[in-house]
Amino acid sequence: REFRGGSGAWVRCGVVEHAVPGDHPDLRQTPAVYLSRGSSDPSSVAHITMTLGVLSADDNQDGVTGICPDSVVLVSAHSGIAADAINRVVPLLGAGDVLLLEEQIKDPAGYLPCECFRTNFDAVCRATAAGIVVVAAAGNGSRDVDPHILGESNAILVGSTHPSSDYGSRVDCVGEGYGVPSTSVD
């Protein structure tokens, strides 16, 4: 926030998740558009509520403040194929905007990044080709993702310090995987 635009005022953030957040006092001022409702599963609602807290919780001197509290957040939830939610939000984003994929896919051996499924990979490639910065979860499969990568999507693939995180040369960086202060539905 030390420089002009540092609070995200000039950035739109698309978020692909399985649900929309629960009611939380730190998520009331953030300009948010919910493009679809997705699941009402309590764990999915809790996850998106925590995700939006890290991303865009209000800068109101109470609770936590998100990384970019002044950005416009576009949540595209789904209960099926992530590509549908990606394709729904991408036309509303432009070059330099951010698309956060809080998604993973499951195969018989466990979880992988969502871009390891062809329709998701193609949707991610269209987004990055349009100049959208795509940041995607590596997945919680505790395994090397490299044999499953379909190609270079130009997304930033983020693993975590948690032991369940996927890993491999395709993972660009890691972040804290648990204990991150955020909003919650409790």
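One is the number of the first residue; the rest follow in order along the sequence.
- Expressed to the nearest 0.5 Å, how far OG of Ser153 lies from CD1 of Ile156 amounts to 10.0 Å.
- Annotation: side-chain contact (heavy atoms from CB on, under 4.5 Å) contacts of Ala137 (sequence neighbours excluded): none.
- Of all heavy-atom pairs spanning Leu27 and Ala57, the tightest one is CD2-CA, 4.1 Å.
- A distance-only check finds a donor-acceptor pair linking the side chain of Gln104 to the backbone of Asn140 [under 3.5 Å].
- Remark: Ser40 pairs with no residue by the side-chain contact (heavy atoms from CB on, under 4.5 Å) rule, at least two apart or across chains.
- In this structure, Leu157 is a member of the same hydrophobic cluster as Ile105, with clusters built from ILVMFWY side-chain heavy atoms closer than 4.5 Å.
- Using a 4.5 Å heavy-atom threshold, the side chains of Val180 and Met50 count as separate.
- The side chain to side chain donor-acceptor pair (under 3.5 Å) test applied to Asp26 returns Asn60, not counting sequence neighbours.
- Ser76 contributes a side-chain N or O that, together with a main-chain N or O of Ala85, makes up a donor-acceptor pair within less than 3.5 Å.
- Taking both residues in full, the closest heavy atoms of Ala155 and Thr128 are given as N-CG2, 4.0 Å, listed atom of the first, atom of the second, then distance.
- A distance-only check finds a donor-acceptor pair linking the side chain of Asp166 to the backbone of Gly141 [under 3.5 Å].
- For Asp97, the salt bridge (charged side-chain N to carboxylate O under 4.0 Å, His left out) test picks out Arg12, with sequence neighbours left out.
- Ile149 is listed as a side-chain neighbour of Cys116, based on a closest heavy-atom distance under 4.5 Å.
- Using a 4.5 Å cut-off on side-chain heavy atoms (C-beta onward), Ser160 and Tyr178 make no contact.
- Not counting sequence neighbours, the partners of Glu176 by the side chain to side chain donor-acceptor pair (under 3.5 Å) test are Thr161.
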- May I have the step-by-step check of side chain to side chain contact (heavy atoms under 4.5 Å, CB included) for Glu102 and Ile48, ending in yes or no? CA-CA 8 Å; Glu102 280 290 312; Ile48 183 63; over 6 Å; no
- Task: Dump the intermediate steps for side chain to side chain contact (heavy atoms under 4.5 Å, CB included) on Leu55 and Cys68, then the final yes or no.
- Result: CA-CA 6 Å; Leu55 184 66; Cys68 51; 3.7 Å; yes
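- Contact detail for Phe121 and Gly151: the closest heavy-atom pair is CE1-O, 3.6 Å.
- The existence of a salt bridge linking Asp122 and Arg118 is confirmed by a sub-4.0 Å separation between a basic side-chain nitrogen and an acidic carboxylate oxygen.
- Partners of His78 under the ring pair (Phe, Tyr, Trp, His ring centres under 6.0 Å) rule, at least two apart in sequence or in another chain, are His18.
- Rounded to the nearest 0.5 angstrom, Leu52 CG and Ser182 OG are separated by 8.5 Å.
- Applying the salt bridge (charged side-chain N to carboxylate O under 4.0 Å, His left out) rule to Arg28 yields the partners Asp23; only residues at least two apart in sequence or on another chain are considered.
- Residues satisfying the side chain to side chain donor-acceptor pair (under 3.5 Å) criterion with Asp58, sequence neighbours excluded, are Thr30.
- Atom CG of Leu112 and atom CD of Glu103 lie 13.5 Å apart (nearest 0.5 Å).
- Residue Tyr111 places its OH atom among 12 or fewer non-hydrogen atoms of other residues, nucleotides or ligands, all under 6.0 Å distant.
- The two atoms that bring Phe117 and Leu150 nearest to each other are C-CD1, 3.9 Å, heavy atoms only.
- A search for side-chain contact (heavy atoms from CB on, under 4.5 Å) contacts involving Ser142 returns Ser164, not counting sequence neighbours.
- Scored by the side-chain contact (heavy atoms from CB on, under 4.5 Å) test, Ala109 finds Asp107, Arg143 as partners (sequence neighbours excluded).
- Remark: side-chain polar atoms of Glu17 are not paired, donor with acceptor, to backbone N or O of Ala19 under 3.5 angstrom.
- Nearest approach of Ala77 to Arg88, heavy atoms of both residues: O-NH1, 3.2 Å.
- Note that NE2 of His148 and CD of Glu115 are 13.0 Å apart. Values are rounded to the nearest 0.5 Å.
- A search for salt bridge (charged side-chain N to carboxylate O under 4.0 Å, His left out) contacts involving Asp172 returns Arg170, not counting sequence neighbours.
- Grouped with Leu93 in one hydrophobic cluster are Val16, Val33, Leu35, Val72, Leu74, Ile86, Val89, Val90, Leu92, Leu99, Leu101, Val124, Ile132, Val134, the linkage being side-chain heavy-atom contacts under 4.5 Å among Ile, Leu, Val, Met, Phe, Trp and Tyr residues.
- For the pair Ser71 (side chain) and Gly8 (backbone), a donor-acceptor distance under 3.5 Å is absent.
- The side-chain heavy atoms of Cys13 and Leu100, taken from C-beta on, include no pair separated by under 4.5 Å.
- Among all heavy-atom pairs drawn from Val11 and Gly96, the shortest one is CG1-O, 4.4 Å.
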